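A note on names: the letters A, B, ... follow the listed sequences, proteins ahead of strands, and every chain is numbered from 1. The model shown is predicted, which means the values in this text are computed figures rather than measured ones. Side-chain atoms are counted along with the backbone in the values below, which use heavy atoms only and exclude waters and symmetry mates.
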2 protein chains.
Amino acid sequence: MEASSTWQDEGEELVEAGLRADAERNRQRILVAAEEAFLERGADVPLEEVAKRAKVGIGTLYRRFPTREALLAATSNERFLSVAEMSRARDADGDPADAMRQFLEDLAMNTSVYQSLAASLGTVIQHGTPGCNAITAEGQRLLQRAQEAGIVRGDVSFDDIICVVSGIAIAVEKDSAPASRVAHLVDLLLTGMRVR
Amino acid sequence: MEASSTWQDEGEELVEAGLRADAERNRQRILVAAEEAFLERGADVPLEEVAKRAKVGIGTLYRRFPTREALLAATSNERFLSVAEMSRARDADGDPADAMRQFLEDLAMNTSVYQSLAASLGTVIQHGTPGCNAITAEGQRLLQRAQEAGIVRGDVSFDDIICVVSGIAIAVEKDSAPASRVAHLVDLLLTGMRVR
DNA sequence: ACCTGAACACCGTTCAAGT
DNA sequence: ACCTGAACACCGTTCAAGT
């Protein structure tokens, strides 16, 4: 998945290596337009509308983002990066269990920013963007540390967690009080993971 | 949701009341065709193909099943009924915790029979068919008994359960070893619900 | 009351022509 | 190398005409 593309961090922006200047400019405009369109109309918004908002031809959009998931992964990139970073910062001086809880709540909340993004979290998370990689790395790190500390059962995998977080995010998309429901469901999951 | 339609149980078959004989015949053929098509091609199969297999006009399909979810609820009806019935039978002489575990595993497995049915479990379950009602009733009964016995936390709702079961079913749809994974994830959920 | 399928609308995806 | 948008394919949904 996107194995051939490489990424460069330039300050806040994510830039794909080796693109001609005009192509990179178009790419950024597509990302901005997609973010807007996803927020207003959900992850199912017609890609034609994204192209129209970005003022590029539909072919250009397909050239950069061959699938809807690739586009979703790209627009989620910054959000995912910040979730991972906040988690790393928190974990330095806090309780591992609290760090895990907060990480999962953040992930679930950030997976329900667009209507119907949650259903494809499992696919999106494997897209190899820096944000996706950061989430995976941080999640696995927290999981391993918690397991070593005996706080989490040994038979729980990161995959299991992603699956249940998807379920939580799906439920929350249709919910009126997202935040408290997320907290409740994450609590359920955490208790489930804890060794008896 | 289908509030105006009434249902009659006639042996194994579910028959909608007040339909002309030819209409009821068509309805049954749509159900058979839909079941086949969903199994072979997933819950996303074009409705035109279902109509073609049933040898009815597409308009007839829309007349009986105004939405895809209504059709999914109808084809899932027998499966859901049998899940609820098996659960009731089991519960009579067994351990309440085991009854709950088996019920959740059955529900998750039967929610992943068609590719991409799981994503709409939350919507489908509210469709008022006998099967959906039976699942809801049985689930709530098991939950209440388990809570009264102090086996399950008091702050868990049936909604919470449906949500996590959806997540499990979604994960399992894409999985190669469904049965064992379902068991593992249900175990996680159950431990989560248990009072500490 | 019910059935049919043509007609319309909408969206995804490709690709020939152009810079 | 990159962009464009017409063209094609496909699917959902409605509705006038028919039994």
Side-chain angles (χ1 to χ4, degrees), chain A residues 2 4-6 15-34 36-38 40-75 114-117 119-120 123-124, chain B residues 4-6 15-34 37-38 40-75 114-117 119-120 123-124:
Chain A
E2 307 231 0
S4 59
S5 60
T6 52
V15 172
E16 195 167 337
L19 280 192
R20 225 166 62 180
D22 56 343
E24 176 58 29
R25 207 161 39 236
N26 280 336
R27 192 174 166 282
Q28 292 298 336
R29 289 168 57 168
I30 292 170
L31 283 177
V32 172
E36 271 180 33
F38 287 152
E40 282 177 36
R41 311 209 18 200
D44 295 331
V45 71
L47 294 179
E48 303 243 27
E49 189 182 317
V50 174
K52 211 158 268 169
R53 289 194 193 214
K55 293 182 179 156
V56 300
I58 181 67
T60 305
L61 190 151
Y62 272 93
R63 168 171 267 261
R64 291 302 153 226
F65 306 99
T67 65
R68 187 181 291 273
E69 263 90 23
L71 186 53
L72 283 168
T75 56
Y114 315 137
Q115 206 69 23
S116 65
L117 163 63
S120 37
T123 324
V124 167
Chain B
S4 60
S5 60
T6 52
V15 172
E16 196 167 338
L19 279 192
R20 225 166 62 178
D22 57 341
E24 176 58 28
R25 208 159 40 236
N26 280 335
R27 192 174 165 281
Q28 292 297 336
R29 290 171 55 171
I30 292 171
L31 283 177
V32 172
F38 287 152
E40 283 177 36
R41 312 209 15 202
D44 294 332
V45 71
L47 294 179
E48 302 243 25
E49 189 182 317
V50 173
K52 213 160 264 169
R53 290 195 192 214
K55 293 182 180 157
V56 301
I58 181 67
T60 305
L61 190 152
Y62 272 94
R63 168 171 266 262
R64 292 301 154 225
F65 306 100
T67 65
R68 186 180 293 271
E69 263 90 24
L71 186 53
L72 283 168
T75 57
Y114 317 137
Q115 206 67 23
S116 67
L117 163 62
S120 37
T123 324
V124 167

Donor-acceptor contact present, side-chain B:T67 to main-chain B:A70, <3.5 Å: yes

field: d(CZ, B:R63; C1', D:dG18) in whole Å
entry: 14 Å

- line: B:K52 atom NZ is separated from C:dC3 atom P, nearest whole Å, by 19 Å

- prompt: What is the distance from atom CD of B:E40 to atom CD of B:Q115, rounded to the nearest 0.5 Å?
  reply: 13.5 Å

message: Can you measure B:I30 atom CD1 to C:dC2 atom P for me and round it to whole angstrom units?
response: 12 Å

- request: Could you pull out all residues at least two apart from A:R41 that satisfy side-chain hydrogen bond (donor to acceptor under 3.5 Å, both in side chains)?
  value: A:E49

- prompt: Which heavy atom in A:A37 sits nearest to a heavy atom in A:V45, and how many Å separate them?
  reply: CB-CG1, 4.1 Å

query: Should B:R64 be listed as having a side-chain N or O under 4.0 Å from OP1 or OP2 of C:dC3?
result: yes

- prompt: According to a 3.5 Å limit on both distances, what stems of 3 or more consecutive Watson-Crick or G-U pairs are formed with DNA chain C?
  reply: C:4-8 with D:12-16, C:12-16 with D:4-8

Distance-only polar pair, side chains of B:S116 and B:D44, donor-acceptor under 3.5 Å: yes

task: Can you tell me the distance, in whole Å, between the CD atom of A:E24 and the P atom of D:dA1?
output: 17 Å

task: Mark yes or no for whether A:R64, through its side chain, and A:Q28, through its backbone, hold a donor-acceptor pair below 3.5 Å.
output: no

- prompt: Once you round it to whole Å, what is the distance between P of C:dC3 and CZ of B:R29?
  reply: 11 Å

message: From C-beta outward on A:T60, which listed nucleotide comes closest to its side chain: C:dA1, D:dA1, D:dC3?
response: D:dC3

Exercise: identify the closest heavy-atom pair between B:A51 and B:L61: N-CD1, 3.9 Å

field: Side-chain touch A:L71/A:F38, heavy atoms, less than 4.5 angstrom
entry: yes

message: Please tell me if A:N26 has a side-chain N or O lying less than 4.0 Å from either OP1 or OP2 of D:dC2.
response: no

task: Would you kindly compare B:R20 and B:V56 by the position of their nearest DNA chain C nucleotide and give the one closer to the 5′ end?
output: B:R20

Rounded distance [0.5 Å steps], CZ in B:F65 versus CG in B:L47: 11.0 Å

- prompt: Can you give one letter per nucleotide of nucleotides 11-16 of chain D, going 5' to 3': B for a protein heavy atom under 4.0 Å from the base, S for sugar-phosphate only, - for none?
  reply: SBBB--

